[in-house]
Colleague: 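Next up is a structure, given as structure tokens.
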Amino acid sequence: MVKRYLVTPREQKCIGCRLCVLAAARYEAKKLGLKDSPIAIKGKPGQYKIQIDYGADIKNPEKIVNICPRNCFDTIVEK
């Protein structure tokens, strides 16, 4: 079975828009909000950190990669 993981190789480009957080909550938790998302954005302007809960099974990482306006995310395929 092929497993895809979400990674943030360009985290320094993050502008803190939280579109990835909302997309992850919508597609994974079936909720709209920041609370139940497997992704969290912490920090202040210019110094944002992206935290991904790797214990949560993110089924559609491509949708999160595509929604980021600064292209901070990538997926890694594990076979």
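The figures here come from the full heavy-atom set of this structure, side chains too, leaving out hydrogens, waters and symmetry mates.
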Colleague: Only pairs under 3.5 Å count here: list side-chain donor-acceptor contacts from residues 35-46, not counting sequence neighbours, and write none if there are none.
Modeller:
| residue | atom | partner | partner atom | Å |
| --- | --- | --- | --- | --- |
| D36 | OD2 | K31 | NZ | 3.3 |
| S37 | OG | V21 | O | 2.9 |
| S37 | OG | I39 | N | 3.2 |
| S37 | OG | I39 | O | 3.3 |

Colleague: Do you know the tightest heavy-atom contact between P61 and R4?
Modeller: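 So the two residues come closest at CG-CB, 4.0 Å.
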
Colleague: Under 4.5 Å side-chain heavy-atom separation, chaining through any Ile, Leu, Val, Met, Phe, Trp or Tyr, what else clusters with V2? Say none if it is isolated.
Modeller: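 V77, all in the cluster of V2.
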
Colleague: What about L22 and Y27, same hydrophobic cluster or not, with Ile/Leu/Val/Met/Phe/Trp/Tyr joined at side-chain heavy-atom distances under 4.5 Å?
Modeller: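 As far as the 4.5 Å side-chain criterion goes, Y27 and L22 are not connected within one cluster.
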
Colleague: Working to the nearest 0.5 Å, report the span between CD1 of I58 and OG1 of T75.
Modeller: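 Rounded to the nearest 0.5 Å, the CD1-OG1 separation comes out at 11.5 Å.
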
Colleague: Donor-acceptor pair, distance only, cut-off 3.5 Å: does the side chain of R18 make one with the backbone of G16?
Modeller: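 Judged by distance alone, yes, a pair lies under 3.5 Å.
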
Colleague: From D74 CG over to I64 CD1, what is the distance, rounded to the nearest 0.5 angstrom?
Modeller: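 Here the rounded value is 13.0 Å.
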
Colleague: Looking at R10 and F73, would you say the former's side chain and the latter's main chain have a donor-acceptor pair under 3.5 Å?
Modeller: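 A pair under 3.5 Å: yes.
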
Colleague: Show me the donor-acceptor pairs, under 3.5 Å and distance only, between side chains in residues 49-56 and residues at least two apart or in other chains.
Modeller:
| residue | atom | partner | partner atom | Å |
| --- | --- | --- | --- | --- |
| D53 | OD1 | G55 | N | 3.0 |
| Y54 | OH | L6 | O | 2.9 |

Colleague: Check whether any side-chain heavy atom of C20 sits under 4.5 Å from a side-chain heavy atom of C68, and report yes or no.
Modeller: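 Not touching, per the 4.5 Å side-chain cut-off.
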
